[in-house]
Amino acid sequence: MLSRIKKSCQILWAVLILSACSPLPLTQAVSQFSTALNQAPLAASIPLSTLQQLDPQLLRPASLYPQLADTPLPVLTALYQYHQHCSGSLDGVPAAFAQFERALCQNTLLPAGWFGAHPVSPLGGSQAWYYLQRHPDAAATLQFLLHVRERPQALGGIGQLSDDNLDALANGQTWLLQDGNLWRQHQQQWLRYAPEVWQPLAQQARLTLVAAGGRCDITLGTLCVNPLNSYASWWRSLLGAAALMAALALGWAAWQRRCLQQCQRFIVQMLTHELRTPITQLGNVVEHFRRDFDDLPPQAQSGFGALANSVQRMRQMAEASQHYLSGDGSRDVLEMPQAVWLSEWLQHIAGSYTDLTFCLDADRQLALPLYWTSLCLNNLLDNAFCHGCAPVRLTASWRKGRLKLQVTDGGTLAAGSLPALRHLSSPQARMGLGLTIVRRVMRRLNGRLTQSGPPTTFTLELPCDSQK
């Protein structure tokens, strides 16, 4: 399966490279985009002849500001004061504009031809706009003589263009971009396309249209046409493919691990099943010896206790493996606390060892996971008798919900050497392996194993509830 994943990755990589490296030529893409626009729906259209009939000053954004280049500032100030209050001097003001201000103040009507001859006021804006502030009834006659900014909704919204775009339109440019809307001069018309119309067409042609000022492969009026950033889409595709391959690889690894676990589980089940038969036979032999215990020689009687204890521990191990391999949800049965008197439990443990003394500060009934706690304590006692020095002593105490069991022997193992015992290659390596098992079991029971000395002391601490 791994070879198939690798092959799929290679094929996908090749497809991505080919797709990223074979765009249309840019000029051909622009032609394709223009052709697609010819069939696209329009947001607005304005005949070019309509705009050409306007006075050029009514298209220029500069016409909206005071004409400081043509009229001195004191004259503009006097004109403004007269316009606001109909009083003051109009000396220095051109005669036509002085006539206009007097007509406004005297409510005198002016012919439309006068506005055509003088479209823009020295104060900025069209003369028609100032006139309509006093005579709104003349709007139908003077509407065409307003500046495009003074009627932003007319002429397809040309009055909403920015200063730069208005100047570009007046200077004969044929492509504009404003607030996402694309403006295009085509077949004697100015056409406006909404963003949701022209942007998908540009993406299909693999183009980006941006205002001039940066990279510019091809110029369209005030716009720059560049190829669509194929690297971004290529990297997105590549990352998506990588994520897919990673998911497949993780799935394959999880499947392999599951297969390995199932295989190991089957082997352990088989070995456990095979062990149960000789353990049962050994149990029968022990029972036979138990019945004839009084007839055994004294030396055989002393060894009978060790044999019976070993068989009992083998039975417990077989039962434990059966619980953990059954898969029926009874995995935690061996970890369920059982109520036991501390003195009875320790006497049972100590009965399997000769020359072991134990100290108990106070007897009480505790709730303990007996199987695992006994396993850990027996492991420490075995290590003390096998690898330590006499005398061996077991001390038990309970305080504030925690049971402390200390196994001390006459050895000189220094404090802090517990982690090093896991890496022993000497005959004590079995001791390190047993301590590793104890540490893992105690961690599972929310307890801990610590070591101190000399004399060599191993301490088990685990939480348990008192039943008294």
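As a basis for the values below, the full set of heavy atoms in this structure was taken, side chains included, without hydrogen atoms, waters or symmetry mates.
- For the atom pair CG of Leu191 and CD1 of Ile46, the computed distance is 7.5 Å after rounding to the nearest 0.5 Å.
- We find that Asp163 and Arg149 are joined by a salt bridge, their nearest charged nitrogen and carboxylate oxygen being less than 4.0 Å apart.
- Between Ser162 and Gln178 the shortest side-chain heavy-atom distance falls below 4.5 Å.
- Under the 3.5 Å distance criterion, the side-chain polar atoms of Asn171 are matched with a main-chain donor or acceptor of Asp167.
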Apply the test side-chain contact (heavy atoms from CB on, under 4.5 Å) to residues Leu42 and Arg192: give CA-CA distance (whole Å), side-chain angles for both, the deciding distance (0.1 Å), then the verdict. CA-CA 6 Å; Leu42 299 173; Arg192 178 162 62 91; over 6 Å; no

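- In this structure Thr457 satisfies the side-chain hydrogen bond (donor to acceptor under 3.5 Å, both in side chains) test together with Thr408, sequence neighbours excluded.
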Applying side-chain contact (heavy atoms from CB on, under 4.5 Å) to Ser126 and Phe115, what does each step give before you reach the verdict? CA-CA 9 Å; Ser126 67; Phe115 295 95; over 6 Å; no

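- The two atoms that bring Ala128 and Leu145 nearest to each other are CB-O, 3.8 Å, heavy atoms only.
- Counting heavy atoms from C-beta outward, Asn38 and His186 have side chains that approach closer than 4.5 Å.
- Checking Thr459, Leu435, Leu405 one by one against Leu380, the side-chain contact (heavy atoms from CB on, under 4.5 Å) holds for a single residue, Leu435.
- The shortest distance between side-chain heavy atoms of Asn165 and Leu177 does not fall below 4.5 Å.
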Checking side-chain contact (heavy atoms from CB on, under 4.5 Å) for the pair Leu209/Leu182: CA distance, chi angles, key distance, verdict? CA-CA 9 Å; Leu209 276 69; Leu182 181 65; 4.0 Å; yes

Step by step, work out the side-chain hydrogen bond (donor to acceptor under 3.5 Å, both in side chains) result for Ser374 and Trp345. CA-CA 9 Å; Ser374 301; Trp345 175 59; 2.9 Å; yes

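- Using a 30° and 60° split on the angle between ring planes, Phe100 and Tyr131 fall in the tilted class, from 30° to 60°.
- A heavy-atom distance below 4.5 Å is not found between the side chains of Tyr193 and Leu201.
- The shortest non-hydrogen separation linking Gly116 to Pro119 is O-CD, 3.9 Å.
- In terms of modelled atom types and a separation under 3.5 Å, the side chain of His147 and the main chain of Arg60 share a donor-acceptor contact.
- The main-chain N or O of Gln185 is never found under 3.5 Å from a side-chain atom of Thr174 such that the two would form a donor-acceptor pair.
- Between the side chains of Thr450 and Glu461, not a single donor N or O lies within less than 3.5 Å of an accepting N or O.
- Between Asn379 and Leu375 the shortest side-chain heavy-atom distance does not fall below 4.5 Å.
- Atom CE of Met442 sits about 13.0 Å away from atom CZ of Arg444, to the nearest 0.5 Å.
- Contact check for Trp190 versus Leu155: no side-chain heavy atoms found under the 4.5 Å cut-off.
- Leu76 and Leu123 get closest at one heavy-atom pair: O-CD2, 3.7 Å.
- Under a cut-off of 6.0 angstrom, the local environment of CD in Gln53 is crowded, with over 12 non-hydrogen atoms contributed by other residues, nucleotides or ligands.
- Listed here is the closest heavy atom pair of Arg184 and Ser34: NH2-O, 3.6 Å.
- Inter-residue side-chain proximity for Trp114 and Gln127 is flagged as met; some heavy-atom pair is nearer than 4.5 Å.
- The line from CD of Gln67 to CG of Leu64 is 9.0 Å long, rounded to the nearest 0.5 Å.
- Atom CD of Glu196 is surrounded by more than 12 heavy atoms from other residues, nucleotides or ligands within 6.0 Å.
- Across all their heavy atoms, Val407 and Ala384 have their closest contact at CG1-CB, 3.9 Å.
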Steps toward side-chain contact (heavy atoms from CB on, under 4.5 Å) verdict (Ile158, Leu166): CA-CA 8 Å; Ile158 281 181; Leu166 270 181; 3.9 Å; yes

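- Applying the 6.0 Å contact sphere to CZ of Arg440 captures no more than 12 heavy atoms from other residues, nucleotides or ligands.
- Taken from CH2 in Trp129 to CZ in Arg151, the straight-line distance is 15.0 Å, to the nearest 0.5 Å.
- Minimum interatomic distance between Gly180 and Pro195 (heavy atoms only, all atoms of both residues): O-CG, 3.2 Å.
- Between the CD atom in Gln160 and the CG atom in Asp179 there is a gap of 8.0 Å [rounded to 0.5 Å].
- The distance from atom CG of Leu176 to atom CG of Asn181, rounded to the nearest 0.5 Å, is 11.0 Å.
- In this structure, the side chains of Phe458 and Ser452 stay at 4.5 Å or more apart for every pair of heavy atoms.
- Pairs engaging residues 93-104 under the salt bridge (charged side-chain N to carboxylate O under 4.0 Å, His left out) rule: none recorded [sequence neighbours left out].
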